[in-house]
Peer 1: 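Questions regarding the structure given below will be posed in turn.
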Amino acid sequence: MNIRVQSQAVTKIKSDMLVVPLAEGQHDNGAVRDLDAALGGALRTHLSHTGFSAKAGQRVVFPTHTQLPSRTLMLLGLGKDAADTETWRRSAAKAQAEAEGQQAKHLAWFFSDARPEADLAAVVEGSLLSAYSFDKYKSDKTPKRTAVDSLSLVGPGLRKTVALSRALEAARKTAPGVCLARDLINEPASVSTPSYLAEQATKIARDGGLKAEVFGPSRMKTAKMAGLLAVAKGSVEEPRFIKLRYTPEGRARKKIALVGKGLTFDSGGLSLKTPKSMETMKLDMSGGATVLGAMQVIAQLRPKVQVTAYVPSTENMPSGTAQKPGDIITYKNGKTVEVLNTDAEGRLILADALIRAVEDRADVIIDLATLTGACVVALGSRVAGLFCNNQELSDALMACGKQAGEAFWPLPLVKDYRDDIKSSVADIKNIGGGSGGAIAGALFLEEFVGDTPWAHLDIAGPAFTQSALPYSPRGGTGFGVRTLVRYVMSV
Ligand code: BES
Ligand code: MN
Ligand code: ZN
């Protein structure tokens, strides 16, 4: 998609569809009056007939019958939240859908008032994200939608300042990273296997000039990745441990580790899931997909920090060779874990990656995982749980999530619950006391990070959506990529 910034009068803009976003009550502003004058008064008459007052979600689509250089007008109500960047992302999705329906290839947006760069970038981000679809397995190959191929951002005196160029560039590069994560998640588990993920990661590294390292079972054994090997025992698919590194030119300000759960299919193992709860378990590599998507973007945006991605990847399957409830794993750092439920496998493979990240002397570790159903019970499907041992890091991630339009909510690492994961035969066990399951999972991970500032993002809810969201169709959402990119760029 071609993106342009220009300064022009609203009645001079030439496009297939001209989008005029309006805050509630702003429906009779200068731009509307200018357009109305060019249309011989027909626009305001229509607005008053339809009761348009620019409430959230209200829209008016108006053909100009060649009285204006733009073919169609779309007045878009922003409601009372015009100051919220997320409103712009969602409005962009509405305009995008309308444009596709109108076969409009060239879309122009007219901003009556000066807007922060972040809002203009959000329009670009929302447009690119809502253009995503996953239809490679549909037999009907005729495109259902006409793609918008150019997007003009127009406003009185709007100029492409350095800050605006940067913001738009970041949006243009971030959206494909989100879409990459969505593709990896949406791909069926029999295709998107650990070795497939590793191949995709290697490709990302090659294209972006990143260093890639992929371990198969034998190097995993040498590296004592006990959790990953234990979970992989039940599967005929070989596990992979994926590591990608971006190193900036000059001195790195910080070393950031991004850890993502890459469980390509979670059947539960011998602690087998029910058929219903298995239906979407190809999603269980979303944390890994998110981290890989973010690395693709980071390679292009070139921040001044070192970023290393760690993605332990395996299937969790029941079989004659699968790990059994009661088995004990000994990790490289000496910690022993009693596996009481083979379905609490994510924490087992993440532990190996966290140990590695600590060994590599990361200054900050952020892990993303579809870790617990309990987190979905607590926060629903649109909000991720944020566990953190460092207030500054927690505040930074909350702020980045807000800017990115990705919702996080802090959950506590309750010290008193540490007793719940004590084992009678090993140091700890992989399940807690029954309730507070998201916290038990986080407390388990905390055992492996020492004093390193660390955040655990439980994305079990928002990683996948059962029905279409404003700018994400059903399936993998790529949730987390935008927050990670913003965080890394802000350090
Ligand atoms: N991958 C699941 C968590 C999950 C559930 C993700 C629903 C997305 C949607 C995880 O491996 C799991 O099975 N967790 C168990 C933990 C329990 C056995 C302690 C769970 O949540 O039931
Ligand atoms: Mn599981
Ligand atoms: Zn899982």
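Heads up: numbering here begins at 1 and tracks the sequence. Both ligands and their constituent atoms are indexed starting at 1 by order of listing.
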Peer 1: Check if Asp343 has a non-hydrogen atom at a distance under 4.0 Å from any atom of ligand 1.
Peer 2: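 Right, Asp343 reaches ligand 1.
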Peer 1: Please check this pair: side chain of Arg182 against backbone of Pro473, looking for a donor-acceptor N/O pair closer than 3.5 Å.
Peer 2: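 Here the side-chain-to-backbone pair does not exist.
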Peer 1: Any nitrogen or oxygen of Asn341 lying under 3.5 Å from a nitrogen or oxygen in ligand 1? Just yes or no.
Peer 2: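 Such a contact does not occur with ligand 1.
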Peer 1: Short list, please: which atoms of ligand 1 are under 4.0 Å from a heavy atom of Thr370?
Peer 2: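 Per the distance check, 1 (N), 2 (C), 3 (C), 6 (C).
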Peer 1: For atom 10 (C) of ligand 1, which candidate among Ile459, Thr372, Leu371, Val376 holds the nearest heavy atom?
Peer 2: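 The option holding the nearest heavy atom is Leu371.
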Peer 1: Which atoms of ligand 1 sit under 4.0 Å from any heavy atom of Leu283?
Peer 2: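 Listed by number with element, the hits are 8 (C).
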Peer 1: What are the atoms of ligand 1, with element, lying closer than 4.0 Å to any heavy atom of Lys261?
Peer 2: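 Answer, ordered by atom number: 1 (N), 10 (C), 11 (O).
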Peer 1: For the Zn ion (ligand 3), does an N/O/S atom of Lys261 lie at less than 2.8 Å?
Peer 2: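 So Lys261 does bind the Zn ion (ligand 3) by this criterion.
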Peer 1: Could you tell me, atom by atom, which parts of ligand 1 come under 4.0 Å of a heavy atom of Ile431?
Peer 2: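 Numbered from 1, ligand 1 contributes 19 (C).
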Peer 1: Using a plain distance cutoff, I'd like to know if Arg347 has any nitrogen or oxygen under 3.5 Å from a nitrogen or oxygen of ligand 1.
Peer 2: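 Looking only at distances, the answer is no, because the N/O contact criterion of under 3.5 Å is not met.
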Peer 1: Given Leu292, which of Ile204, Leu258, Val481 fulfils the side chain to side chain contact (heavy atoms under 4.5 Å, CB included) condition?
Peer 2: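 Result for side chain to side chain contact (heavy atoms under 4.5 Å, CB included) with Leu292: Ile204.
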Peer 1: For a distance under 2.8 Å, tell me if Asp343 has an N/O/S atom near the Zn ion (ligand 3).
Peer 2: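 Coordinating: no.
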Peer 1: Hey, is Met285 touching ligand 1 through its side chain, its backbone, both or neither, going by heavy atoms under 4.0 Å?
Peer 2: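 The answer is neither.
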Peer 1: Where the Mn ion (ligand 2) is the centre, what is the OD1-to-OD2 angle for Asp343 and Asp266, rounded to 10°?
Peer 2: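 Approximately 100° at the metal, rounded to tens of degrees.
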Peer 1: Using a 3.5 Å cut-off on N or O atoms only, is Gly373 in polar contact with ligand 1?
Peer 2: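 The answer is yes, given that Gly373 and ligand 1 share an N or O pair closer than 3.5 Å.
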Peer 1: Measure Thr280 to ligand 1 on non-hydrogen atoms and call it side chain, backbone, both or neither using the 4.0 Å cut-off.
Peer 2: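 Looking at Thr280 and ligand 1, no heavy atom falls under 4.0 Å.
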Peer 1: Determine whether a donor-acceptor pair (N or O, by modelled atom type, separation under 3.5 Å) exists between the side chain of Ser271 and the backbone of Thr342.
Peer 2: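 Present.
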Peer 1: Could you identify the N, O or S atom of Asp266 positioned closest to the Zn ion (ligand 3)?
Peer 2: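 Of all N, O or S atoms belonging to Asp266, OD2 is the one nearest the Zn ion (ligand 3).
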Peer 1: Check the orientation of Trp454 and His456. Use parallel for under 30°, tilted for 30 to 60°, and perpendicular for over 60°.
Peer 2: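 It falls in the parallel class, under 30°.
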Peer 1: Taking N or O atoms only and a 3.5 Å limit, does Glu345 qualify as a polar contact for ligand 1?
Peer 2: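 Indeed, backbone or side chain, Glu345 has an N or O that close.
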Peer 1: Heavy-atom contacts with Asp284 under 4.0 Å: which atoms of ligand 1 show up? List them by number with element.
Peer 2: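 The atoms of ligand 1 under 4.0 Å from a heavy atom of Asp284 are 1 (N), 11 (O).
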Peer 1: Report, rounded to 10°, the angle at the Zn ion (ligand 3) between the two atoms OE2 (Glu345) and OD2 (Asp284).
Peer 2: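 About 100°, to the nearest ten degrees.
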Peer 1: Without swapping roles, check the side chain of Trp88 against the backbone of Leu120 for a donor-acceptor pair under 3.5 Å.
Peer 2: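 No; zero donor-acceptor contacts below 3.5 Å.
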Peer 1: Between ligand 1 and Asn316, can you find any atom pair, the residue atom being a heavy atom, that is separated by under 4.0 Å?
Peer 2: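 Heavy atoms of Asn316 never come under 4.0 Å of ligand 1.
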